[in-house]
There are 2 protein chains.
Amino acid sequence: MTALAAPAEPEISARQAEVLDAVLRQLMTDGNSLTMSAVARRASCSKETLYKWFGDRDGLLNATVKYQAARVHVAAVGPDPLDRAALTARLESFAINWLTVISSETSLALNRVAIGQAGSDRSLGAIVLANGRFALGSRMKPVLEAGRKAGLLAFADAEEAFRTLFGLVARDVQIRLLLGDAPALDPESIRAEASRSIGQFFALYGAQPGGGQAAP
Amino acid sequence: MTALAAPAEPEISARQAEVLDAVLRQLMTDGNSLTMSAVARRASCSKETLYKWFGDRDGLLNATVKYQAARVHVAAVGPDPLDRAALTARLESFAINWLTVISSETSLALNRVAIGQAGSDRSLGAIVLANGRFALGSRMKPVLEAGRKAGLLAFADAEEAFRTLFGLVARDVQIRLLLGDAPALDPESIRAEASRSIGQFFALYGAQPGGGQAAP
DNA sequence: GGATTGCCGTAACGAACGTTACGGTTCGGC
DNA sequence: GCCGAACCGTAACGTTCGTTACGGCAATCC
């Protein structure tokens, strides 16, 4: 289930992108009741066009998820040599970005739709995972391994280290937001959360002072 | 939104409990398409009875969520004096229990329903949170504070410490499961995960060797 | 200039489903 | 035995919504 995405990009036109933006707005405002009529009304297009372009309702949802996922890509690897400060900055930047994404109404709406369908049809969930959690992992693991190579981190398995980093950053925020709870997440608290989580990550996986593996 | 639950228990009869079990089975097998007809068929009862007992579809869902939540209660506080081994055992027991719950099909189905409705109607989400995440926190915080009083843990805010513990235990497991991914979670790996997370928690908040706060 | 294409707005069809109503059956009380 | 209450199985009603079809309008091509 560690599937990749985007074997064949379907060539979204500008007008089609407008329609998908309308779908996102509709998801954010009206939640789950995403009807084709509401989308057509909000996008000022005809339902016939929706079906011609996207096939059916599932096709529209899939296109929307892929469309949104294609816009999240951020922060390429960067080949600069790593010192402790640069690694910290990169990890904190990752944490800030991730917290910002998972607390955005767009991401919440899409995750809610994908989770709501995961009982029967898990294709949306696979897309969301591939472009969220797994894309993040494959982008962060080289950073972690570069930190290890530079003698700043110590771990046996980069995947395991990333999963712990993931837990330290997200904690209970994502599940609470998904369930409708609203923890305060203004940019300042996001920065504070990122700083705390990266500090804790270094306490667990840092190699400098006494560092080493964590679990006894 | 840290609401309590159960001000007035609605007195579930045995037959009604059978019906709610049928709802849970229906949710687990057929996912989101939970129709009143399917519930009535599976529970061998009439739709008229469903409406007489639970009002409407939302009432049935609410009753089901509360019914399931009322069965999860585990592991009372226990007034035994804490040493390091007892605290570790209690924390690992918590972690095992929590991982087992969030990876059960029942919990997944209920969380999916509550999340799917959280866009428009977040009453289900509030119930799930109150009986899941928040019940856990209020049950664990005394343990953490007892550990601090015994000189085994060091933290400023028990809520913050618990949230970090939560993140260390759950990591990416819950969101992956909710989205339909299937990480291996047999009882042995759950035990291993629990042991690892509690070890990391002690590395961050343990007070014995050099311990103290984690973040710089 | 006329034909073709693409798209908008709206109406219409059909299936799924929540909700209600009704006849038949069982069971406890008198 | 008889009555009423509770409940089962099923039919029926009304709404919502996905999907399709149709008429009109603007732009493009010949």
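Predicted model only: the values in this text are computed from it and were never measured. The sequence lines fix the lettering, A, B, ..., with proteins before strands; numbering per chain opens at 1.
With sequence neighbours excluded, the residues forming a salt bridge (Lys or Arg N to Asp or Glu O under 4.0 Å) with A:R15 are A:E18, listed by chain and number. Listed by chain and residue number, nothing satisfies the ring-ring contact (aromatic ring centres under 6.0 Å, His included) test with A:F202 (two or more places apart in sequence, or in another chain). Taking the ring-ring contact (aromatic ring centres under 6.0 Å, His included) definition, one finds that A:F166 meets it with A:W98, sequence neighbours left out. Looking at residues two or more places apart in sequence or on another chain, you find a side chain to side chain contact (heavy atoms under 4.5 Å, CB included) between A:D30 and A:Q26, A:S33. In this structure, the salt bridge (Lys or Arg N to Asp or Glu O under 4.0 Å) partners of B:E193, at least two apart in sequence or on a different chain, are B:R171, B:R196.
Counting only residues at least two apart or in different chains, salt bridge (charged side-chain N to carboxylate O under 4.0 Å, His left out) contacts with residues 53-62 of chain A are absent. The stretch residues 123-134 of chain B participates, sequence neighbours left out, in these salt bridge (charged side-chain N to carboxylate O under 4.0 Å, His left out) pairs: A:D172-B:R133, B:R133-B:E159. For residues 40-50 of chain A, the set of pairs meeting the salt bridge (charged side-chain N to carboxylate O under 4.0 Å, His left out) definition, not counting sequence neighbours, is empty.
The nucleotide range of DNA chain D contacted by chain A, defined by atoms under 4.0 angstrom from heavy atoms of the protein and reported 5' to 3', is D:dC17 to D:dC22.
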- Check the pair B:L136, B:F162 against side chain to side chain contact (heavy atoms under 4.5 Å, CB included), reporting the backbone distance first and the verdict last. CA-CA 9 Å; B:L136 220 61; B:F162 170 73; 4.1 Å; yes

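Scanning residues 109-117 of chain B for heavy-atom distances under 4.0 Å to DNA chain C yields an empty list. Within residues 45-53 of chain A, the residues that place at least one heavy atom under 4.0 Å from DNA chain C are, in residue-number order, A:C45, A:S46, A:K47, A:E48, A:T49, A:W53. Within residues 34-41 of chain A, the residues that place at least one heavy atom under 4.0 Å from DNA chain D are, in residue-number order, A:L34, A:T35, A:M36.
For the side chain to side chain contact (heavy atoms under 4.5 Å, CB included) criterion with B:I190, the lone passing option out of B:L99, B:V173, B:N97 is B:L99.
Judged by closest nucleotide on DNA chain D, B:S44 is the one of B:S44 and A:D56 placed further toward the 5' end.
The distance from atom CZ of A:F54 to atom C1' of C:dC7 is 14 Å, rounded to the nearest whole Å.
Ion pairing between a basic and an acidic side chain is recognised when a charged N comes within 4.0 Å of a carboxylate O; B:E160 and B:R163 show such pairing.
Shortest non-hydrogen contact noted between A:V169 and A:A95 is CG2-CB, 3.9 Å.
For the pair B:L165/B:F94, a side-chain contact is recorded, criterion being any heavy-atom separation below 4.5 Å from C-beta on.
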